[in-house]
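Whatever order the structure lists ligands and atoms in, that order sets their numbers, starting from 1. We're numbering straight along the sequence, starting at 1.
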Amino acid sequence: KMKGKFLFGFAILFVIGFLSACGTGGDNNDDSQNADGNGQKETLIIGTDAAFAPFEYLDKGEIVGFDVDFIDAVMTEAGYDYEIKNVGWDPLFPSVENGDVDFGLSAISITDDRMETYDFSVPYFESRLLIMVPEGSNIQSAEDLEGKLVGVQNGTTGQTAVEKILGENNENIKKYETTAVAIMAMQNGDVEAVVTDNTVAEEYVSNNPNEKFEVIEDPENFAPEYYGLMFKKGSDLKAELDEAINAVLDSGKYAEIYEEYFGYEPDVEALKE
Ligand code: LYS
């Protein structure tokens, strides 16, 4: 009787082993590079601020957007499973630093200042700040922000740019936890302008024509910025994901996602300069 049980147990183990071997059998590309002995891929935790459409935002409770589709392609390329956590913008920075998340993905501009504390991937998106105002506003350039109430998302390049024009401790600079809330403040008349990333402002204005906002470009004051994945300094993931990003840029997959969101082809070469 004992022997029967033993054999039965042995047979079960054998079947399990066989099934799990089959599970990875079809996976003959190098996706298995980040798999453990059972063919189980490692899961990376990605932090974001999902209030920045079209890059990352909530749709029926789900985090969606350009960044999400882009990172899905990158993770597939690198052979990782992943989970995106909506940690919020300000908390994202310490979360990356203390390892609560493996990296940040949040339309994060690569800046000298941030590079003192973090490592960034190769750039994956070009952006520029612009000024969002109610239609007919007398604000027509960055200099015109002088003396106006200006909304920014706290801790963004928008804040830094406005501080450069208005002075660092200017009380007229109103800082909000998300860009979405800054835009709401302009709807309520609490601020007269919002400075944020062009793609976000343009998308908002064209999706909400009845709010009667317009965008003011000022390339003299706002230089191009590049988004990157943000890692803890010294993270091994950087080299690995740079390689995956470059593959996604080169394979045409990036252009496909980009066109889906923006309706025209990206300048992939410009990202590589
Ligand atoms: N790209 C800007 C920055 O890095 C804005 C990002 C805001 C994301 N919620 O500061």
Side-chain angles (χ1 to χ4, degrees), residues 46-59 63-71 84-97 101 103-132 142 145 150-166 168 173-186 191 193-205 207 215 217-219 221-232 245 258 261-262 266 270-271:
I46 306 172
T48 198
D49 161 33
F52 207 61
F55 293 100
E56 44 271 321
Y57 58 101
L58 293 172
D59 183 21
I63 305 173
V64 296
F66 175 85
D67 278 354
V68 177
D69 290 354
F70 165 70
I71 209 62
I84 303 181
K85 273 196 181 167
N86 188 14
V87 296
W89 180 249
D90 291 325
L92 179 58
F93 292 81
S95 299
V96 169
E97 221 182 325
V101 298
F103 63 91
L105 165 79
S106 207
I108 309 171
S109 301
I110 305 170
T111 66
D112 289 344
D113 204 34
R114 290 174 184 158
M115 267 163 42
E116 284 176 18
T117 318
Y118 304 93
D119 282 345
F120 282 89
S121 70
V122 291
Y124 70 87
F125 197 90
E126 183 179 324
S127 165
R128 226 184 243 269
L129 293 170
L130 53 65
I131 309 166
M132 233 175 123
L145 293 173
V150 186
V152 294
Q153 181 176 1
N154 191 53
T156 58
T157 51
Q159 179 183 332
T160 314
V162 174
E163 283 175 346
K164 246 172 115 183
I165 302 157
L166 301 191
E168 233 173 78
I173 305 173
K174 304 291 175 206
K175 299 165 204 150
Y176 298 93
E177 196 183 330
T178 67
T179 296
V181 175
I183 295 171
M184 254 185 259
M186 189 158 64
V191 294
V194 167
V195 175
T196 187
D197 300 26
N198 54 357
T199 316
V200 172
E202 278 157 4
E203 155 129 340
Y204 189 88
V205 169
N207 287 347
V215 298
E217 290 175 9
D218 188 343
N221 281 290
F222 303 134
E225 298 180 8
Y226 297 91
Y227 299 164
L229 309 181
M230 188 173 78
F231 305 97
K232 185 187 174 125
I245 291 171
Y258 192 104
Y261 277 86
F262 306 113
L271 287 175

By side-chain hydrogen bond (donor to acceptor under 3.5 Å, both in side chains), which residues pair with T196, not counting sequence neighbours?
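Partners of T196 by the side-chain hydrogen bond (donor to acceptor under 3.5 Å, both in side chains) criterion come out as none, since no residue qualifies.
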Is the Y258-F125 ring centre distance short of 6.0 angstrom?
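Centroid distance Y258-F125: below 6.0 Å, so yes.
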Return yes if some donor-acceptor pair links the side-chain N/O of D218 with the main-chain N/O of A142 below 3.5 Å, else return no.
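Between the backbone of A142 and the side chain of D218 there is a qualifying donor-acceptor contact (under 3.5 Å).
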At a 4.0 Å threshold, what atoms of ligand 1 neighbour a non-hydrogen atom of [X]?
{"X": "T156", "result": "5 (C), 7 (C), 10 (O)"}
{"X": "I108", "result": "4 (O)"}
{"X": "T157", "result": "2 (C), 3 (C), 10 (O)"}

Just to be sure I read this right, does ligand 1 sit under 4.0 Å from the backbone of [X], its side chain, both, or neither, counting only heavy atoms?
{"X": "Y227", "result": "side chain"}
{"X": "R114", "result": "side chain"}
{"X": "S109", "result": "both"}
{"X": "D197", "result": "side chain"}

Side-chain donor-acceptor pair present, D69, Y261, cut-off under 3.5 Å
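Side chains of D69 and Y261: pair found under 3.5 Å.
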Once the angle between the rings of F55 and Y227 is folded into 0 to 90°, is it parallel (under 30°), tilted (30 to 60°) or perpendicular (over 60°)?
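Plane angle over 60°, so perpendicular.
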Which of parallel (below 30°), tilted (30 to 60°) and perpendicular (above 60°) describes F66 and F262?
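Geometry flag for F262 against F66: tilted rings.
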Side-chain contact test, heavy atoms from C-beta onward, threshold under 4.5 Å: evaluate it for F52 versus T199 and give yes or no.
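F52 does not reach T199 side chain to side chain.
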Return the residue, atom name and 0.1 Å-rounded distance of the protein heavy atom closest to atom 6 (C) of ligand 1.
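Checked against all protein heavy atoms, atom 6 (C) of ligand 1 sits closest to A107 O, 3.4 Å.
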What residue and heavy atom of the protein are closest to atom 7 (C) of ligand 1, and at what distance?
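Result: Q153 OE1, 3.4 Å.
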Say whether [X], considering both its backbone and side-chain N or O atoms, lies within less than 3.5 Å of an N or O atom on ligand 1.
{"X": "F52", "value": "no"}
{"X": "D49", "value": "yes"}
{"X": "W89", "value": "no"}

Could you measure the distance from the CD atom of E217 to the CG atom of N198? Nearest 0.5 Å is fine.
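So the CD of E217 and the CG of N198 are separated by 7.5 Å.
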